[in-house]
Amino acid sequence: YYGKVIFELSRPGRQGYSLPSNGCDDVLPTLPAGLLRQNAPQLPEVDELTAVRHYNNMSTNNFGVDTGFYPLGSCTMKYNPKINEEMASLPAFTSLHPFQPSATVQGALEAYYTLQRMLCEIGGMAEFTLNPYAGAHGELTGLMVIRAYHESRGDTKRTKVIVPDSAHGTNPASAAVAGLKVVEVKSLPDGTVDVNALRPLLDDTIAAVMMTNPNTVGIFEHNIPEIAEIVHACGALLYYDGANLNPLLGVARPGDMGFDVMHINLHKTFSTPHGGGGPGAGPVGVRAGLEQFLPNPRVVKHSGDDDPLFHLDFGTEKAPHALGRISSWLGNFAVELRALAYILSLGSDGLKLAGTLATLNANYVKESLRDLYALPIDRVCKHEFVFDGLANKSTGVTTLNVAKRLLDHGFHAPTIYFPLLFHESLMIEPTETESKETLDEFIAVMRDIAREAAEDPETVKNAPLETPIRKPDDTAAALNPVVTFAELD
Amino acid sequence: YYGKVIFELSRPGRQGYSLPSNGCDDVLPTLPAGLLRQNAPQLPEVDELTAVRHYNNMSTNNFGVDTGFYPLGSCTMKYNPKINEEMASLPAFTSLHPFQPSATVQGALEAYYTLQRMLCEIGGMAEFTLNPYAGAHGELTGLMVIRAYHESRGDTKRTKVIVPDSAHGTNPASAAVAGLKVVEVKSLPDGTVDVNALRPLLDDTIAAVMMTNPNTVGIFEHNIPEIAEIVHACGALLYYDGANLNPLLGVARPGDMGFDVMHINLHKTFSTPHGGGGPGAGPVGVRAGLEQFLPNPRVVKHSGDDDPLFHLDFGTEKAPHALGRISSWLGNFAVELRALAYILSLGSDGLKLAGTLATLNANYVKESLRDLYALPIDRVCKHEFVFDGLANKSTGVTTLNVAKRLLDHGFHAPTIYFPLLFHESLMIEPTETESKETLDEFIAVMRDIAREAAEDPETVKNAPLETPIRKPDDTAAALNPVVTFAELD
Amino acid sequence: MTHRYFPHTPEDIAAMLERCNMKSLDELYSDVPESLKLKRDYDLQPQMSEKEVRDFFEELAVRNQPLTCFAGAGFYDHYTPAVVQSLASRSEFLTAYTPYQPEISQGTLQYIFEYQSMMTQLTGMEVSNASMYDGTTAVAEAMLMAISHARKRNRVLVSATLNPIYREVIDTYARYHGVRVDTIAEKDGVTDLDTMREMLADGDVAGVIVATPNFYGILEDYTGVADMVHAAKALLIMTAPASTLGVIRTPGEWGADIAAGEAQSLGMPLNFGGPYLGYICCSKALIRKLPGRIVGATTDADGQRVFVLTLQAREQHIRRDKATSNICSNQGLMALYVAMYLSLMGAKGLREVNELSAAGAHYLASRLVETGAFELKYPDRPFLNEFVVRFKGEVKLADFVEVCNSCGCLPGVMISEDELLVCVTETRTKEEIDRYVWRAETFSKATVPAMNGGVAANEMSN
Amino acid sequence: MTHRYFPHTPEDIAAMLERCNMKSLDELYSDVPESLKLKRDYDLQPQMSEKEVRDFFEELAVRNQPLTCFAGAGFYDHYTPAVVQSLASRSEFLTAYTPYQPEISQGTLQYIFEYQSMMTQLTGMEVSNASMYDGTTAVAEAMLMAISHARKRNRVLVSATLNPIYREVIDTYARYHGVRVDTIAEKDGVTDLDTMREMLADGDVAGVIVATPNFYGILEDYTGVADMVHAAKALLIMTAPASTLGVIRTPGEWGADIAAGEAQSLGMPLNFGGPYLGYICCSKALIRKLPGRIVGATTDADGQRVFVLTLQAREQHIRRDKATSNICSNQGLMALYVAMYLSLMGAKGLREVNELSAAGAHYLASRLVETGAFELKYPDRPFLNEFVVRFKGEVKLADFVEVCNSCGCLPGVMISEDELLVCVTETRTKEEIDRYVWRAETFSKATVPAMNGGVAANEMSN
């Protein structure tokens, strides 16, 4: 047993809590028995120290950004500043009920409003909503905005979305959830969208074209002005997936490139912690003319003398075309506070530097390894780049092997087998918060692995060798899913 | 290199801070150059993430109570509740300057006063000061109180302190710092003070007798009433070292046993975290009649209607005999807050249970291992007990070997080679917050080690085998001390 | 130029550019057409020191007014033990991402497994995913599961007693996904089961969505409903605030196919709306329709029991436009909150939470009625810890709410001009409840209408 | 009876008692004479739930008034980066004890080694211990070092410009240790070196204790003092608030033998007086007189560089009554604060802290003088960020202080009826300073004496 689950530490009669009495009579017994549960749930019974040790020690089986280098491509694993955690934990924010009257939450509303305006400036957009909970939720919201726009014009034929073949899986999946059909457009060998392949796909059934720029192989889509022109010419809107915004901070804005709708992953570009898979946040921005389609509620600022200054707009009056509500309230508010703290900390100068250094770090790693790893697209990259596995294909060592061998050396693995453009994709995104020394160590290990693959391929194929667990049986897990403690023998 | 030191991660030009400008002119250059330092100190230059990773990963080279069982005898390594950390971190406490007017710190003063009163009740004393910073500092303060008492009576011959041979080193050391000579009294084979050996030592040169009860071998000094009587009869005072108060919570009070002066280690009995060696706190209590000798400042509560209610007394008026100031202010205040939270959480019932279960745990471990380890004192113990190494002395396996072998099994070692009564002391204090399962695991490992010592003594002698570092060379360290980075080559 | 978050010294930059065969940082952007480049700085302030950031947030914070909370309406002021926040902030949990590399992610994988185990116990269902964004989107995705499961049928029935914000989100998802949503009318605060039966008979129903306790806090009796729904070959989707599942009859016991809803009540602070956590559990038969990540147990090369992400073939990164959902990042860390909260509370603690909450709520309800200022809207319906009162005073309920606010109290959520949805949790003391009652008493007797008639009252939706 | 901190179930207790051949928990205390047993419960409340504990402390907290701090007098409101508190709360650091087992304590040992390295850099001395309790006890123990080093000589000279609370603690230690403490008079705010020379000539001096910046904030000129002291075979002990050592001439540069003082200014919150950290550094020749723990580097069996507690033969647990000091637990965790604070700040950051503080202080001093309400007590003495002003107003200084307090400001520490010791750190903004000045201006012009004449003013000692 690598680690017991908490149920295995449970003993009847232990307890890890205590509650104050409120001196009121217990009324549960007076409720109709048929409306109450028959058996207590099987939950652990542990004292406080048992729980503390359990989760404390469990945490040490995890690797985070604070542990070491985490070059997971497309995920922007940059440093998450501690001050942001502290600010988001101020009781005057954490204790607010969402339905408190606006007059009692002016600070919170101003935080939301301020971040909204900052994102507009950064994205080159007219308006933002912070309500979506994650990147994929932002995509869905953005596509709904686009559909609302077309519907408002009575343009109901537009039922398709074009996505590049290099796109992240959330793009087509979001389109499907939004009730749109997906049409894939091919990429050129240099990784950019093939404008000539795109042109014939564009007709009056196309609601939107989804792109990310730089794209998932880290290449700037330099044809974007032309693409924007032909997309708009056919009456469709251009959607910007903000997953890769980081390298463009301070340099170029999606709005200026011709994108109509966009989302931003606050947990990537604006450094909110990834939390083992969320909570993130996926604010959605729109260009002028599309504001009225954003979801409700919205935070609005009244004119100068009004008190209170910030209000909630639920949409009926001002935005009859709004797409409705896509989340409980104003999104993952505490995540938004962290992003606000980050943007304030960096400021206009720091943001530009972040983008530039992220790009520098990626190119540095690329140039330092290109002789040993296959570089299918040999161009200046942005925040990330993709190798197609080892250059020497004769060893039989796969990208998976390389990734696992990296674990043995104390690094998190890059993203592997994505994008789907290449068979052996190994997608590396160092981010700007990594030092040259860290990159040099990573480069040295990657070079060692390449050498080892040639000289002793079996060792690499058997990797990882040093991790506390090795080669879990994924097939067995999927064949006979055991997803709860009750199902364990 | 097991771990680099932060200096080795430094690069000129990096920085991990930023400061706001206050727009005032820099005046440093206008100060006389001869009063300023000539060269900048050699300190690290690192960015924030480098520092975070460094200290984050450094922490994982440590073993704490939250990691696992820590049966370090005489140190009472019980669970440190998280709520206490949170309460002690409330900004309305942490931001207070010590010299703020009393009217602006009434909550802080009340916290101090409340804890003071609680300790009086627990210790059976008339008055407490929380000003001493640690147990040893409390001993020193207590001995000064005793000297101040004798001096106030013109009784100047009393220059000696009697301590048992089983006493912790701080007892004689504190006596020496307080300008007193140490006379050692022997223990009986059962670990208790030999009253017959004590009696002839008592004369009019004795200022105090220092004892702890239960003593350092975990045995209750059942002759304490008689001892108190003869000590008092000779005009000396009886000092209680509170290091071992934990098992007596709710059961017996030093004041009721005849002790005149005592200290309490808040970080032991009242569960403030040990912090790798402090900060602790060593409040000192006195019986009625000795209050006026306590150090300044003191927190006093005015009568009912006064506003503000709590005041600081600096001693001149009310306590001309006070021993003066022994610390900057009111001790380690944030540590006191934690102890207060702990006592409130446990309450009268919980405290008694703590003492009882600590005693139960110790006896349980003792009874479970007595066949394999030498038990020099075979009596009911209190919170801890001492083995004199393995029962089977033929193996050559020492207490040090056993301790190191425990590290291989994920346990912290007990206290070893203390008390000095036995050659191979192995002093085990489980504390009340450990579960029977944890104790059973420890017992099983201890039994395995005893078996291994018989069957394969070399393995045990070579322990630890599994720790990240092994057998550091203490002799080399002491022979040629390298205590700063500048001294490393 | 430098920043505390960036380690690059000028020497580093020079050396790195040289490796890249570049002369300046600008060359890194040689691929970006000049016409697209922003020729100015962002119109934002320059970088702030940490102290200034702190001052900024503290200045915002003082313009919030934390209130003693008698509001629920889906989000509850339960007590979170200090351990939860303390352990969840461990950087190994906080700064990791999706556990793609199980060898160095057992921490995340294991707490998700524990979370799944606990949520299935609470809901009485067989399987759970790793979390959804929140309750509203969890129920909306449950609806999509039903649609996907039904293949051709395209209609969903939703009880009128469901929390209206859930309904709004359902409507949004349904509208674009092409789902028809029909409302099952309510009768005296509960779902009209006769209407439901008739609507099912109309056919084309893929799923039925009901709640208990419902939006009004009423415990509904769904006896026979599962059979009725299943007879129509539809799926029954039930929702409840997760904490109440410690005592109320579970979706599993009612025979539901999917349990989905909000788990904020299991240890998450109110946080002005998020992050929260949506739970979604279902029968094992539906597992391949279940959206999001799922963690399963397996063994590793050394035979150790370990945990991995499993059944990923359902997910967006494999199935793309055929995926069951587009969810990718979810609320991972909040699942840790739930796992730790439920570990500490256990079944007994969760029961006590509900007992105390219900006791306080029933006490407040009867005392409020006694004041004469309020009457219960549904006096004959059983409720747990939330109830609707109708204001009988001469002045406006909004004014009462405002007076309460100015006294540091949030008396509930106004659900109409004269109706207040009131909630009591275990964090409310008798004194706080009595002060509420006293305020109601005083206010109802006051002849002068409330103070400043400014912007009033709680907003939930307009 | 049970408690959330105790894991014992009734079954556990029964099984454990059985192993001990006992029938009841009472038997565990069979060795305690009945006459000594407490026959009642403690007169304390019964156990509290965590929520009640929280409420208790929050109720206390509201009766404290955090003030914008212009007070120093040994304890300074410097800014602590969020990283420090966040990392110091890692349980591996927090819940460990003295690193007796180096194999599983390298975390603690390494940060102490770093701390020692940094403090020697700051003080300009060769070696440092692992920490003392605070500045006052560090200087008192430095005095004991000098006494121990001198063997027969038994007299210590202390400058009158030393912080009086340091002097009080020194006097206490000296009194019981049999040390004679004589005061070197001050002249216009600085140590009178002529007097010092004469007193040294009287003989029997083991050590001389001086400060810079001294209690009045004045940077003293100790040129020639080390030679003078050493000529008398005494040790020179110097003290300075640790943060100022980033810019002022160091004890090492002045030729001191021991540097000892308070390091609270290196990242520790004010915390109403503690925990702080006393530093004590000395020449390598004195290392065996140095009290407390010392960490040294060595190698392990595999040749790795590792850290251990070293020179333990000096310490109380070995030497007992022959030990150099009785210190055992020290301020371990606060050494981590210092190590992290200085890692982040570096020499440049520490210099900026001092630049900003000094700039603010000099600005405030000149503006206060301009108001006409105050004059500088030592107008010709150089100061860094702390200075003494004399109140010239018609009413009482105590009233001014009280007015400031009521406006949320702590204007300094009153060191006499009409003298205020004022400090500015980098955390004070220009606006805050200007508001202070405005208040002084307004107050000095006001004809009415201050409001309620209640309990006034700052207390430091009576």
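Numbered from 1 within each chain, the chains take letters A, B, ... in sequence-line order.
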State whether the side chain of Asn22(B) and the backbone N or O of Leu356(D) hold a donor-acceptor pair below 3.5 Å, judged by distance alone.
yes

How about Gln38(B) and Glu253(D): do any of their side-chain heavy atoms sit closer than 4.5 Å?
yes

Give the C-alpha distance, both sets of side-chain angles, the deciding distance and a yes or no for ring pair (Phe, Tyr, Trp, His ring centres under 6.0 Å) between Phe99(B) and Phe75(D).
CA-CA 9 Å; Phe99(B) 302 152; Phe75(D) 312 108; 5.7 Å; yes

Is a donor on one side and an acceptor on the other found under 3.5 Å between the side chain of Thr95(D) and the backbone of Asp66(B)?
yes

Please tell me if the side chains of Ile165(D) and Trp329(B) come closer than 4.5 Å, counting only heavy atoms from C-beta onward.
no

Min side-chain heavy-atom separation Leu344(D)-Gln15(B) under 4.5 Å:
no

Intermediate values then yes/no, side-chain contact (heavy atoms from CB on, under 4.5 Å), Gln65(D) and Gln106(B):
CA-CA 9 Å; Gln65(D) 192 189 351; Gln106(B) 285 294 295; over 6 Å; no

For Tyr55(B) and Glu114(D), test the side chains for any donor-to-acceptor distance below 3.5 angstrom and give the result as yes or no.
yes

Gln47(D) vs Leu346(B) side-chain heavy atoms within contact, under 4.5 Å
no

Is it true that Phe113(D) and Phe485(B) have ring centroids separated by less than 6.0 Å?
no

NZ/NE/NH1/NH2 to OD/OE distance under 4.0 Å, Arg470(B) and Glu103(D)
no

Against chain D, label Ala175(B) side chain, backbone, both or neither, depending on which of its atoms sit under 4.5 Å from a heavy atom there.
neither

Quick one: CG on Leu336(D) to CE on Met58(B), what's the gap to the nearest 0.5 Å?
8.0 Å

Are side-chain N/O atoms of Tyr133(B) and Ser329(D) paired as donor and acceptor at under 3.5 Å?
no

Taking all non-hydrogen atoms of both residues, which atom of Thr170(B) and which atom of Asn326(D) are closest, and how far apart?
CG2-O, 3.7 Å

Looking at side-chain heavy atoms only, is the closest gap between Pro98(B) and Tyr276(D) below 4.5 Å?
yes

Would you find a donor on one side and an acceptor on the other, under 3.5 Å apart, between the side chain of Arg63(D) and the backbone of Val105(B)?
no

Do Phe63(B) and Ser105(D) touch side chain to side chain, with heavy atoms closer than 4.5 Å?
no

pair Met334(D)-Pro279(B): side-chain heavy atoms closer than 4.5 Å
yes

Residue among Ala297(D), Ser128(D), Ser35(D) with most heavy-atom pairs under 4.5 Å to chain B:
Ala297(D)

Consider only side-chain N and O atoms of Thr136(D) and Arg325(B), and report whether a donor and an acceptor are under 3.5 Å apart.
no

What verdict does the ring pair (Phe, Tyr, Trp, His ring centres under 6.0 Å) test give for His137(B) and Tyr133(D), after you've listed the backbone C-alpha separation in whole Å, the side-chain angles of each residue and the deciding distance to 0.1 Å?
CA-CA 9 Å; His137(B) 201 223; Tyr133(D) 306 133; 4.7 Å; yes

